[in-house]
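Structure record follows, encoded as structure tokens.
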Amino acid sequence: RLPSGGNPYAPTGATRSGEAIDGLIVGHRLMAAGEPELALKAYYRAAAEREGVTADLLSALGSANLALGRLGQAEQMLRRALELDQKFVPAWNNLGVVLMEKGQPGEASRVFQTAFALDSGQSDAIRENLRLALAKLENPDYDAEEEEQDIEHQIEDDLPARQKDPVKEIAAHMPVAQQRIGAAAH
């Protein structure tokens with residue numbers, strides 16, 4: 001049952017008091033829900049409703065474009081965000097992600113170092129992004145997925161023989177393509 005006077009339809013973007021919900025907040029919630037296309041529309045609505053754009057809004061537009069694979073647009077928006085606020089950590093981090101996606105680990109590592117410094121090393125995500133960028137810079141053929149497998153094998157090799165999983169032991173000696181096929185079957 002609907003509460004007395006309740007509306008069975010989807011919200012219109014206004015609160016019960018009649019105030020509009022900030023498009024930036026709506027966009028952030030849509031991004032968290034995995035809806036970057038809808039988030040982008042909410043961010044554009046927020047931009048139209050405001051008198052000027054902010055670093056937060058430009059960074060949000062860049063993040064949505066990044067999630068949609070629009071790397072050129074994402075990079076442009078994130079760089080504009082940083083022109084407005086050079087200390088805006090999310091823009092630095094997301095710019096680094098864009099640069100990694102574009103195959104530019106050198107610049108990406110410098111960008112992640114800036115984000116890491118501004119964040120005082122508090123974010124695990126930024127620390128991991130920096131680590132991956134530096135690894136890729138050091139070894140251009142670096143593959144993070146391959147490293148995870150190597151770490152897993154190293155951990156397995158360190159266990160006493162009685163604790164080793166026989167299925168993983170067999171998988172360790174199979175070609176990678178067969179391992180992925182086997183994993184998909186489970």
Side-chain angles (χ1 to χ4, degrees), residues 1-134 136 143-145 148 184:
R1 292 191 66 173
L2 293 173
S4 61
N7 183 349
Y9 302 103
T12 61
T15 63
R16 290 182 188 198
S17 66
E19 295 176 27
I21 299 173
D22 184 13
L24 190 60
I25 293 170
V26 172
H28 289 338
R29 290 179 182 166
L30 287 166
M31 285 294 288
E35 296 289 343
E37 188 71 47
L38 294 174
L40 190 60
K41 290 178 183 179
Y43 294 142
Y44 281 131
R45 188 184 87 218
E49 292 172 353
R50 295 168 184 246
E51 290 183 19
V53 294
T54 63
D56 191 15
L57 181 57
L58 288 169
S59 179
L61 287 165
S63 298
N65 278 300
L66 171 60
L68 293 167
R70 300 172 185 162
L71 301 181
Q73 290 173 324
E75 182 178 2
Q76 182 182 33
M77 292 295 169
L78 293 165
R79 288 190 188 280
R80 285 185 56 205
L82 292 170
E83 287 173 8
L84 292 178
D85 183 355
Q86 294 180 356
K87 294 183 179 182
F88 196 69
V89 175
W92 281 109
N93 183 59
N94 288 332
L95 178 59
V97 173
V98 168
L99 295 169
M100 286 295 290
E101 290 291 320
K102 290 177 75 175
Q104 299 172 359
E107 186 177 359
S109 66
R110 288 187 296 279
V111 166
F112 286 134
Q113 286 172 344
T114 301
F116 187 77
L118 289 170
D119 187 53
S120 301
Q122 297 297 310
S123 170
D124 291 337
I126 294 172
R127 185 180 310 112
E128 181 63 14
N129 287 343
L130 175 58
R131 186 188 71 75
L132 291 172
L134 291 172
K136 185 73 172 178
D143 182 0
E145 188 175 306
E148 288 172 12

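Each of Arg70, Glu35, Met31, Arg45 was checked for a side chain to side chain contact (heavy atoms under 4.5 Å, CB included) with Leu40, and the lone residue meeting it is Arg70. Among the candidates Gln76, Glu75, Glu83, the single residue satisfying the side chain to side chain donor-acceptor pair (under 3.5 Å) test with Arg79 is Glu75. Considering Asn93, Leu78, Asn65, Val111 as possible partners of Val98, the one that fulfils the side chain to side chain contact (heavy atoms under 4.5 Å, CB included) test is Leu78.
We find the CG-CG distance between Leu134 and Asn129 to be 11.0 Å, quoted to the nearest 0.5 Å. Between Leu99 atom CG and Asn94 atom CG the span is 11.0 Å, to the nearest 0.5 Å.
Not one N or O on the side chain of Tyr43 forms a donor-acceptor pair closer than 3.5 Å with the backbone of Leu61.
A salt bridge is defined here as a Lys NZ or Arg NE, NH1 or NH2 lying under 4.0 Å from an Asp or Glu carboxylate O, and Lys136 with Glu101 fails to meet this definition. Using a 4.0 Å cut-off between charged nitrogen and carboxylate oxygen, Asp124 and Arg131 do not count as a salt-bridge pair.
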Gln86/Leu118 under side-chain contact (heavy atoms from CB on, under 4.5 Å): CA gap, chis, key distance, verdict: CA-CA 10 Å; Gln86 294 180 356; Leu118 289 170; over 6 Å; no
Step-by-step side-chain contact (heavy atoms from CB on, under 4.5 Å) determination, Leu24 to His28: CA-CA 6 Å; Leu24 190 60; His28 289 338; 3.7 Å; yes
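Closest approach of Gly27 to Ala39, counting heavy atoms only: O-CB, 3.4 Å. Scanning both residues, Ala74 and Gly62, for their nearest heavy atoms gives CB-O, 3.3 Å. Phe88 approaches Ala55 most closely through the heavy-atom pair CE2-O, 4.1 Å. Looking at every heavy atom in both residues, Trp92 comes nearest to Leu82 through NE1-CD2, 3.3 Å. Closest of all the heavy-atom pairs between Arg50 and Thr54 is NH1-CG2, 4.3 Å. The two residues Val53 and Leu84 have their closest heavy-atom pair at O-CD1, 3.8 Å.
Counting heavy atoms of neighbouring residues, nucleotides and ligands inside a 6.0 Å radius, atom CZ of Arg127 exceeds 12 of them.
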